[in-house]
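A note on names: the letters A, B, ... follow the listed sequences, proteins ahead of strands, and every chain is numbered from 1.
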Protein chains: 2
Amino acid sequence: MADGILTIADRIHSKLDDMTRAERQLAHSILENYPASGLGPLAALAKVANVSVPTVARMVQKLGFKGYPEFQAELREELKATVQNPIAKHDTWAEGAPSGHVLNQFTDAVIDNIRHTLAQIDPDKFDEACAMVADQTKPLYIVGGRVSHTLAEYLFLHTQILRPNVTHIQSTSNAWPHYLLDVGPNDVFVIFDVRRYENNTLKLAEMAHACGAKIILFTDQWRSPVHQLAEISFSGRIVVPSAWDSVATLMLLVETMIAAVQNVDWDDTKDRMEQLEDMFDQTKLFRKFT
Amino acid sequence: MADGILTIADRIHSKLDDMTRAERQLAHSILENYPASGLGPLAALAKVANVSVPTVARMVQKLGFKGYPEFQAELREELKATVQNPIAKHDTWAEGAPSGHVLNQFTDAVIDNIRHTLAQIDPDKFDEACAMVADQTKPLYIVGGRVSHTLAEYLFLHTQILRPNVTHIQSTSNAWPHYLLDVGPNDVFVIFDVRRYENNTLKLAEMAHACGAKIILFTDQWRSPVHQLAEISFSGRIVVPSAWDSVATLMLLVETMIAAVQNVDWDDTKDRMEQLEDMFDQTKLFRKFT
DNA sequence: TTCGCCCTGTTACAAATATAACAAAATTCT
DNA sequence: AGAATTTTGTTATATTTGTAACAGGGCGAA
């Protein structure tokens with residue numbers, strides 16, 4: 001943004017944590033398509049966010065504006081500063097497919113999700129989380145639920161190569177309490193929880209938290225209740241034109257995290273990877289890539 | 001604002017020639033910093049353009065709007081479309097992160113992968129593949145290797161809800177030959193194979209092919225050798241700035257396929273999903289989303 | 001459970017904003 | 001040049017829009 005001054009989006013984002021239910025709902029709605037939604041009439045914004053009109057007025061004041069018009073004025077200023085380039089044409093992804101084809105619809109939605117998700121991530125927090133995952137002195141536990149299990153497993157598969165002392169726990173299994181026996185303040189938990197949020201996962205998080213373990217949470221835009229226990233949370237947008245949610249965005253975050261962690265101590269990583277290569281060669285499970 | 005319709009800026013430009021003095025003055029003022037200036041109150045716009053208030057109102061009507069508010073509404077729509085346009089090269093995804101930050105590098109790469117991948121997919125082939133997966137009269141087998149196992153499992157998890165008669169085979173397991181005993185020409189295999197390509201997966205594919213089963217393959221841009229046996233192949237770009245490859249693109253394809261399959265026979269899908277909901281409610285594994 | 005606090009929404013009022021009607025310039029045509 | 005027409009600005013009104021005051025409801029503490 002213009003010369004280091006905080007944008008309104010930044011301000012909203014920073015206050016997101018100590019907001020109430022209705023306010024958070026509203027905040028997300030504003031950030032949803034920022035800044036367009038904030039430039040309409042107050043009542044319209046309230047409606048799409050499903051909150052009452054005064055809630056909007058109050059929140060705007062809490063953000064430090066004298067009133068809604070002033071808030072809008074600043075939004076316009078931001079806009080003036082950012083948007084100089086003309087409106088770009090939107091072409092379809094899969095060429096030859098009608099734009100209504102599921103391929104294009106889905107891709108649009110996912111790209112959109114990525115955009116919104118990345119815009120809300122604090123790079124410092126992300127680095128911090130990566131450092132925690134990379135820290136070999138701290139035992140690492142990776143937890144997934146029914147659907148998010150896929151993500152957990154993928155992270156596990158790779159961190160296992162990157163470092164020792166990693167454990168994968170399925171919260172849907174009855175066996176998970178066993179794993180918590182030795183958990184202490186030195187341990188790090190990476191927890192995946194997207195709706196429908198799972199009781200088991202919450203219980204597990206509570207117990208880990210009670211033991212003093214640090215929690216890193218990957219969740220969706222509505223945030224799993226685990227986020228109150230978490231040191232660091234990342235919430236990805238997961239809405240797509242389907243009966244289910246999309247984990248593609250979270251997958252991107254996980255892969256990014258893997259890439260970041262492997263860079264923290266590259267020499268060590270390299271050694272471990274070469275060892276693995278050797279072992280695979282010996283088992284002849286894989287062919288050489290030609 | 002969607003496909004092909006003129007933007008307001010376009011409209012103004014086209015009428016610029018047969019405008020009067022005051023109108024042209026106003027028009028230039030609007031285009032000066034577009035669209036911000038048009039999103040403020042009418043009076044403010046009149047002031048910066050040095051014209052009277054009604055001049056603005058009249059011109060807006062000449063442009064074909066019922067009134068100033070309607071004009072603003074369309075401006076906002078345009079803005080929404082612009083800012084959401086995924087292709088519009090936003091310098092950075094995670095704002096506030098230096099563009100060299102791993103978050104931005106990785107996201108750029110993945111978006112790029114998605115574009116290239118989608119551009120190469122034949123929508124008809126995709127529909128065909130979806131129809132095969134949706135066909136409940138044909139037994140469905142889903143096969144994944146060491147890394148691609150994650151994708152296979154994700155597809156399995158969902159197709160299992162969508163239809164009966166789905167089997168998940170891990171090619172890394174020694175048990176997989178058992179599954180092939182009953183395979184015949186009526187069966188469909190969805191196989192995931194990315195580098196490093198696995199011998200087991202190829203063997204399995206060969207045997208399935210020999211039995212006359214149809215194969216749908218998800219692979220990477222270099223194509224697993226399985227592709228010679230496959231009825232339909234989809235190859236995703238998977239290169240990212242990391243020691244590993246990215247499965248995010250393939251995950252997108254898998255999710256799209258799930259969405260497409262669920263639409264093939266939505267009534268049936270709905271029934272099955274409701275049944276599942278009931279069962280989850282009974283086990284109280286999940287909390288209701290509030 | 002009951003009290004009290006804080007959040008949220010409904011209603012009512014005040015301010016601003018846009019539109020309509022009218023009047024004054026400016027421009028054009030004869 | 002003078003009348004007619006078009007363009008522009010001023011004033012007044014009606015509507016929208018934002019804000020303040022009030023009341024209901026949820027949640028936690030005692």
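The side chain of A/Thr55 has C/dT8 as its nearest neighbour among C/dT8, C/dA18, D/dT19. Closest to the A/Pro69 side chain, of the nucleotides C/dA18, D/dG18, D/dG9, is D/dG18. For A/Pro41, whose side chain is taken as the heavy atoms from C-beta onward, the closest listed nucleotide among D/dT17, D/dT10, C/dT10 is D/dT17. Counting only heavy atoms from C-beta on, A/Ala57 has its side chain closest to D/dT19 among D/dT19, D/dA20, D/dG9.
Heavy-atom contacts from other residues, nucleotides or ligands closer than 6.0 Å to CZ of A/Phe65 number more than 12.
The two residues A/Pro185 and A/Lys214 have their closest heavy-atom pair at O-NZ, 4.3 Å. When all heavy atoms are compared, the tightest approach of A/Ile215 to A/His209 is CD1-CB, 4.2 Å.
Rounded to an integer number of Å, the gap from CG of B/Leu39 to C1' of C/dT17 is 16 Å. We find that CZ of B/Arg24 is positioned 10 Å from P of D/dT8, with the value rounded to whole Å. Between the CG atom of B/Leu45 and the P atom of C/dT19 there is a distance of 12 Å, given to the nearest Å. Atom CG in B/Leu26 sits roughly 10 Å away from atom P in D/dT8 (whole-Å rounding). Distance, A/Met59 CE to C/dT8 P: 11 Å, rounded to whole Å. Whole-Å rounding puts the B/Lys66 NZ to C/dA18 P distance at 16 Å. Atom C1' of nucleotide C/dC7 and atom CD of A/Gln25 are separated by 13 Å, given to the nearest angstrom. Residue A/Phe65 contributes atom CZ, which lies 12 Å from atom P of D/dT19 at whole-angstrom precision.
B/Val53 comes within 4.0 angstrom of a nucleotide base, judged by non-hydrogen atoms across all strands. No contact: A/Gln72 has no heavy atom under 4.0 Å from any strand.
By the 4.5 Å heavy-atom criterion applied to side chains, A/Val247 and A/Thr150 are not counted as neighbours. Side-chain contact check for A/Lys125 versus A/Glu231: every heavy-atom pair is 4.5 Å or farther apart.
The base of D/dG26 has none of its N or O atoms less than 3.5 Å from a complementary donor or acceptor on the side chain of A/Arg21.
Comparing A/Ala44 and A/Arg58 by the nucleotide of DNA chain D whose heavy atom lies nearest to each, the residue mapping closer to the 5' end is A/Ala44. Comparing B/Lys62 and A/Tyr68 against DNA chain D, the residue whose closest nucleotide sits nearer the 5' end is B/Lys62.
Phosphate proximity of D/dT6 to B/Thr20: absent, as no side-chain N or O sits under 4.0 Å from OP1 or OP2. Note on A/Gln61: a side-chain N or O is less than 4.0 Å away from OP1 or OP2 of D/dA20.
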